[in-house]
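Here's the structure we're looking at; comments come further down.
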Amino acid sequence: MLVPMKWLQEYVTVNVDTKELADKMTMSGSKVEEIKTWGDKLDKLVIGRIESIKSHPNADKLVVTSIDIGTDERLQIVTGATNIREGDTVPVALDGTELPNGLTIVAEDLRGEMSQGMMCSHDELGVPKNLIPESMKDGIWILDEATPGVMFIDTLPLIEDVIEFEITSNRPDCLSVLGMARETAATLNTTMKMPEIQLKETGSQWTDKASVKIEDPEGCPRYVARRVENITIKQSPQWMQQRLIHAGVRPINNVVDVTNYVMLETGQPLHAFDASFVKDQTIIVRKAAEGEQTKTLDGTLRTLKNTMTLITDPEKVLGIAGVMGGENSEVTPETMAIILESANFDADRIRKTSQQLGLRTEASSRFEKGQDPELSLFAANRACQLLEELEAGDVCPGIIDVYPHPVSPRQESLRPYRVNDLLGTNMTSEDMVNILHKLEIGATYKDDFIHITVPTFRLDLEQEADFIEEIGRIYGFDNIKATLMKGDIMVGGLSHRQKMEEEVKKTMSVMGCYETATYSFVSPSGVDKICLSENSFKREFVKLLNPLGDETSVMRTTMLPNMMEVVSRNINRSVPAGRFYEMGQVFYGQLGEDQAVLPLEVTELVMGMFGEENDFFTMKGMIVHLCNRLGIETLTFQREINHSTFHPGRCATVYVGDQLLGTLGEVHPLVAENYDLGSERAVLAEINGDRLLSLANIEPLYKSLPRYPAIVRDLAVVVDANTPVREIEKIIQEQGGELMETCQLFDVYQGAQVGEGKKSVAYTVTFRHAERTLKDKEVNKQYDTIVAELKNSLKAVLRA
Amino acid sequence: MEEKLHLLGKEATEALAEAKDVKELDNLRVKYLGKKGALTELLRSMGSLPKEERPHMGQVANQVREQVESAMNEARKRIGRLEMDARIANETIDITMPGESFGHGTKHPLTQALDELKSVFIGMGFSVVEGPEVETVVNNFDMLNAPKNHPSREMSDTFYINEKVILRTQTSPVQVRTMMNTKPPIRVISPGRCFRNDTPDATHSPMFNQLEGLVVDKGSTLGDLKGSLEIFARHLFGEHTQIKFRPHYFPFTEPSAEVDVTCFKCGGDGCSMCKGSGWIELLGAGMVHPNVLRNCGIDPEIYSGWAFGMGIDRIAMQKYGIDDIRLLYENDLRFLSQF
């Protein structure tokens, strides 16, 4: 909402400068976005009258003018403008004048004729293009009445501060100069005054020959109509044009400008119909018939629905109520009489209509926020008053006002102690009443209650809390003392799961992994790119109805595609190597069309890596280390050859006991191809985060340090090359007995020395007894048992 | 004999003092103290002495042996030191060579910013609560007193799954869930992902992160809200940080305010970051609307509460000087490794 200060000051005294007002208004709830100052660098321009226009001897497109600037001398100015006529008065920039756009005017020779200055356009004088009146869009700024030689800035109200307020959606009443005057008065602790309306009403009586019928009272609670005749359509005076421009509205002509002016001032949208096109001077407000068509004044043919409200005459549609008038009854330069509509339309109805038509207008956006029906008559009269002042026509005596159910101010009550309880203040009920009065809210204190009369323009005030807010903001949030929370002691902190999550992130960092953040919504093609099997349940997506695009159209069911995108992006940006992880939600379940059923959300931990020193065993080691840090000691890895995302020879599932924890592996070359990895390989892991976190437990328990020495033996055996080392370890662990403490693989060798199809596997096996020193003999016995079983089960040969 | 012994002792001591390395030392040991060494030979010949001379001569012999052995130890120490010096001289390294790289990873900047915010509130006795990213219209809007026609409900603002299910646009539904399931007093923060139908650009992302807080207790006041947020702001941005409550409108709080902090870059003097105002908008806050309390089964006549919410993305961006929100979700290692 753009509020020109001089306009505001017509209705409220402002005794502070614009900046201070802006600060104070912000602190009382009307946030200031910007202060714009109009009229910079216009102080050197003078008014000139064009005495003569002659063709330029050497240029077809230029003319030579003689300008009276109030002195005896005449100025010669050469111009290419085509909208000027002899007798026009215009702003003139003399030799040496700097214009707002930075241009400095100098007297110069233009194709053989001296030009001693320049006649200026709106554009050159700082008016944005969208606000320049149509007639002068491509030409000189022509002033209707001005005296040559007078300074331009003394002729027009050019200099103005305009405050732009952000108006919150609950305060449509503030979308008007009068509404802001009311807020200003409350903020500055003064009073506002409303415009005083007196009409001459020099037109002829009309109400006996005209009528308004509301057939859709729900859609139209009130309809006020007035007639103005003997209309002369022309430019509105410069002061009004300036004000409209400052408020961000382009001047059109006197009638349209007045309707806009009154809308900006009061908040009530108005519409003027050319009366000669209204059959029988009869207006009928009715619902549209389904499929009915009409052409709005923007020239578009609109097909209507039976939920829309129309303004019609007995024969035809005159406009879509509250949205846009019809082309057939538009005010034109030939218009002789108008019917002025100041009506109230239902907010929901207008919103839906505007949405369905894809047509938002200044009027519709105001009606859809809600309007005070009490405003309609006042706004109609204010418009008539301005039309009289502008000598635009004769206002006819008589008003048609159809208002079947007049609204009256609501009565509410407020308990003063609740105000102090909630705000933490110590106000008296008198303080509260005074603040409410400043906002023109009726309030009297009686029998422990403040009895409140809510003015009809305050559609937002419904209950006690609303009044407490009003009192609080005018009292000033800054004046409320900051206090510490009272009440019971609360411990707070993280849950076990949240602590485990922290531990995961900490451990991943230590292992050189960077946490990523990828979107929860993904492209449905991701599961194809990771070659997920056709019958996987992860192909059943929770779909968005209105996604930004296909790339973000479904909720992810696996984070592997997200991780592949990260890996791929980094490889393609020439990052040599990287380790990444992310813990996030995946979503399962198919949702019906109108069920309020939520999908299953499961936490997943995805890991990904590429580049040197990042292979399957790096990933495996990380998972083991992570689990160990989380207190999960017993992991088993099983070869997995059926997961189509992964290389069938380099993939494993990992279990804790019989619970599946996740899958890890090098990505299948097809997947690598789908993500343009080139010659790079990527290793991924997908871990069930919920399971990981629920199994995690890092309350460490001290075990006493060993007091007796260990006996360490190396054990090297030759087995078939395809024997998994896990088989060997299992036997060592089983046969090692209680005395065996650890067995650690330290070498795997394949080559000529052990023979074709064989490998040598070497372990360091440690034996220890907790309560005494072991004897060699005991260890030898255990060692031999292990060797015997290896020979027996795996045909292993002890290596000398 | 005695004289011989002394002579031998003197000779050995002198030779040991001259010895230059372990090998020489070893030769001397063999020469004097070895099985066939001079001293050993001499002692062996003691058997031929008259019986009465033997004790005295034995004494002298032991003295000489001790003398030689002690000289030997001296020499060993001296030579050890010499060798150590030589080794040290050989062992100089180029300390300008690079140190070993440890490749420590990092948490995402959003997580780091959130951690800092969380820790302040945890210190004030808050618990952390979480909820689903896909939510019901009821929890996200209806229960929170959002008017039926509020523009935030429109498809141009909110991602819908169906008429009744959406991607949450705020973490407030977690507060709803908490109020429905917990008897006051309540003191929680709820961090998490939120979604709004915004096309990505430098300042907008269709997915972003929020941290909201909620306190419900007997006698909670707007003053408590101010006090708590003031403590929070000072923890986060420094002791001299000030906050400003500007009245605002949110459907779920009444009164509502937008809260500014003094610019943490210029301290309030005005700079490019705060667009010259000296203040930075940090969060929205207010007293929980009695309709919301009632909707969640809490009697507003007994309890009152306050709530606040802030965008973690924006705070992280301001804190780390990130000028484009999209960087947060691109996951370029060269970006991630800066935090």
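- The minimum heavy-atom distance between A:Ala596 and B:Thr136, with the atom names listed, is O-CG2, 3.9 Å.
- Without hydrogens or angle criteria, A:Asp488 side chain to B:Pro185 main chain gives no donor-acceptor distance under 3.5 Å.
- Of the possible polar contacts, none joining the B:Glu133 side chain to the A:Gln585 backbone as a donor-acceptor pair under 3.5 Å is found.
- No side-chain heavy atom of B:Ile161 sits under 4.5 Å from any side-chain heavy atom of A:Leu545.
- Of all the listed residues (B:Gly227, B:Pro151, B:Gly223), the one sharing the greatest number of non-hydrogen pairs under 4.5 Å with chain A is B:Gly223.
- Heavy-atom distances place the side chain of B:Ile231, and not its backbone, under 4.5 Å from chain A.
- The part of B:Val215 that comes within reach of chain A is its side chain, from C-beta onward, which places non-hydrogen atoms under 4.5 angstrom from that chain.
- Counting heavy-atom pairs under 4.5 Å between each of A:Ser28, A:Gly493, A:Ala465, A:Ala517 and chain B puts A:Ala517 at the top.
- Side chain of B:Thr221 to backbone of A:Leu423: no donor-acceptor contact under 3.5 angstrom is found.
- Closest heavy-atom contact between A:Tyr514 and B:His104: OH-O, 3.5 Å.
- B:Lys244 has no carboxylate O lying under 4.0 Å from a charged side-chain N of A:Asp478, or vice versa, which leaves the two without a salt bridge.
- Between A:Arg351 and B:Glu154 no salt bridge is recorded (no basic side-chain N to carboxylate O distance below 4.0 Å).
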When you look at A:Asn546 and B:Phe159, which way does the side-chain contact (heavy atoms from CB on, under 4.5 Å) test go after all the steps?
-> CA-CA 6 Å; A:Asn546 54 334; B:Phe159 291 116; 4.2 Å; yes
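- If you measure heavy-atom distances from A:Glu565 to chain B, you find no contacts under 4.5 Å at all.
- For A:Arg171, no part lies under 4.5 angstrom from a heavy atom of chain B.
- Residues B:Asp115 and A:Glu502 meet the side-chain proximity criterion, which asks for heavy atoms closer than 4.5 Å.
- Contact check for B:Pro200 versus A:Leu548: side-chain heavy atoms found under the 4.5 Å cut-off.
- Between B:Ser127 and A:Gly492, the closest heavy-atom pair is OG-CA, 3.4 Å.
- Contact between A:Met485 and B:Phe126 at its shortest, heavy atoms only, is CE-CE1, 3.8 Å.
- Side-chain contact between B:Val134 and A:Glu601: present, with at least one pair of heavy atoms (C-beta onward) separated by less than 4.5 Å.
- At least one side-chain heavy atom of B:Val165 sits under 4.5 Å from a side-chain heavy atom of A:Leu598.
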Intermediate values then yes/no, side-chain contact (heavy atoms from CB on, under 4.5 Å), A:Ile480 and B:Lys226 = CA-CA 8 Å; A:Ile480 295 172; B:Lys226 280 186 75 176; 4.3 Å; yes
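- For the pair A:Asn570 (side chain) and B:Arg334 (backbone), a donor-acceptor distance under 3.5 Å is absent.
- If you measure heavy-atom distances from A:Glu582 to chain B, the contacts under 4.5 Å come from the side chain alone.
- Residues A:Gln498 and B:Lys118 form no side-chain contact, since every pair of their non-hydrogen atoms from C-beta on lies 4.5 Å or further apart.
- Considering only heavy-atom pairs separated by less than 4.5 Å from chain B, the leading option among A:Gly472, A:Ser169, A:Ser30 is A:Ser169.
- Residue with the most contacts toward chain A among B:Gly219, B:Ser220, B:Pro206, B:Pro251: B:Pro206 (heavy-atom pairs, distance under 4.5 Å).
- Chain A forms more heavy-atom pairs under 4.5 Å with one residue of B:Val137, B:Thr199, B:Val129, B:Leu167 than with any other, namely B:Leu167.
- By number of non-hydrogen pairs under 4.5 angstrom with chain A, the leading residue of B:His150, B:Arg193, B:Lys107 is B:Arg193.
- Counting only heavy atoms from C-beta outward, the side chains of A:Glu515 and B:Thr106 never approach each other to under 4.5 Å.
- Between the side chains of A:Glu368 and B:Asn149, no donor N or O sits under 3.5 Å from an acceptor N or O.
- Considering only heavy-atom pairs separated by less than 4.5 Å from chain B, the leading option among A:Asp466, A:Val575, A:Ile468, A:Leu494 is A:Asp466.
- With a 4.5 Å cut-off on non-hydrogen atoms, A:Lys31 touches chain B through its side chain but not through its backbone.
- Contacts between A:Met511 and chain B at a heavy-atom distance below 4.5 Å involve the backbone alone (N, CA, C, O).
- One finds no salt bridge joining B:Arg246 and A:Glu166 here, because no Lys/Arg side-chain nitrogen approaches an Asp/Glu carboxylate oxygen to under 4.0 Å.
- In this structure, the portion of B:Asp198 lying under 4.5 Å from any heavy atom of chain A is its backbone and not its side chain.
- For A:Asp348, the part sitting under 4.5 Å from any heavy atom of chain B is the side chain, from C-beta outward, and nothing else.
- Looking only at heavy-atom pairs under 4.5 Å with chain B, the residue among A:Gly487, A:Gly578, A:Gly424, A:Ser520 that has the most is A:Ser520.
- Between chain A and the options B:Ser256, B:Gly123, B:Ser119, B:Ala257, the largest number of non-hydrogen pairs under 4.5 Å is found for B:Ser256.
- Classification of B:Glu301 and A:Arg415 as a salt-bridged pair holds, one side-chain N sitting under 4.0 Å from a carboxylate O.
- Enclosure of atom CD in B:Glu163 is not indicated, since only 12 or fewer non-hydrogen atoms of other residues, nucleotides or ligands lie within 6.0 angstrom.
- Taking a cutoff of 4.0 Å between a charged side-chain nitrogen and a carboxylate oxygen, B:Asp217 and A:Lys486 do not qualify as a salt bridge.
- Contacts between B:Leu328 and chain A at a heavy-atom distance below 4.5 Å involve the backbone alone (N, CA, C, O).
- For B:Met155, the parts lying under 4.5 angstrom from a heavy atom of chain A are both the backbone and the side chain.
- The backbone N or O of A:Pro547 lies less than 3.5 Å from no partner atom in the side chain of B:Asn197, so there is not a single donor-acceptor pair.
- Both the backbone and the side chain of A:Val510 come within less than 4.5 Å of a heavy atom in chain B.
- Shown here for A:Glu469 and B:Glu254, the closest heavy-atom pair between the two residues is OE1-OE2, 2.8 Å.
- Using a 4.5 Å cut-off between heavy atoms, B:Phe121 makes no contact with chain A at all.
- If you measure heavy-atom distances from B:Ser337 to chain A, the contacts under 4.5 Å come from both the backbone and the side chain.
- Proximity to chain B (any heavy atom under 4.5 Å) is shown, for A:Thr516, by both the backbone and the side chain.
- Of the listed residues (A:Phe587, A:Phe521, A:Phe580), the greatest number of heavy-atom pairs within a distance under 4.5 Å of chain B belongs to A:Phe521.
- The contact between A:Arg569 and chain B is made entirely by side chain atoms (from C-beta outward), counting heavy-atom distances below 4.5 Å.
- Contact of B:Pro132 with chain A is made through backbone and side chain together, with heavy-atom distances under 4.5 Å.
- Nearest heavy-atom pair, B:Pro247 versus A:Met27, reported as atom, atom and distance to 0.1 Å: CD-O, 3.1 Å.
- Proximity to chain A involves both the backbone and the side chain of B:Glu330, based on heavy atoms less than 4.5 angstrom apart.
- Within the 4.5 angstrom heavy-atom criterion, no atom of A:Asp460 approaches chain B.
- Applying the 6.0 Å contact sphere to CG of A:Leu600 captures more than 12 heavy atoms from other residues, nucleotides or ligands.
- Heavy-atom distances place no part of B:Ile189 under 4.5 Å from chain A, backbone and side chain included.
- Counting heavy-atom pairs closer than 4.5 Å to chain A, the top-ranked of the candidates B:Thr111, B:Leu110, B:Ile122 is B:Thr111.
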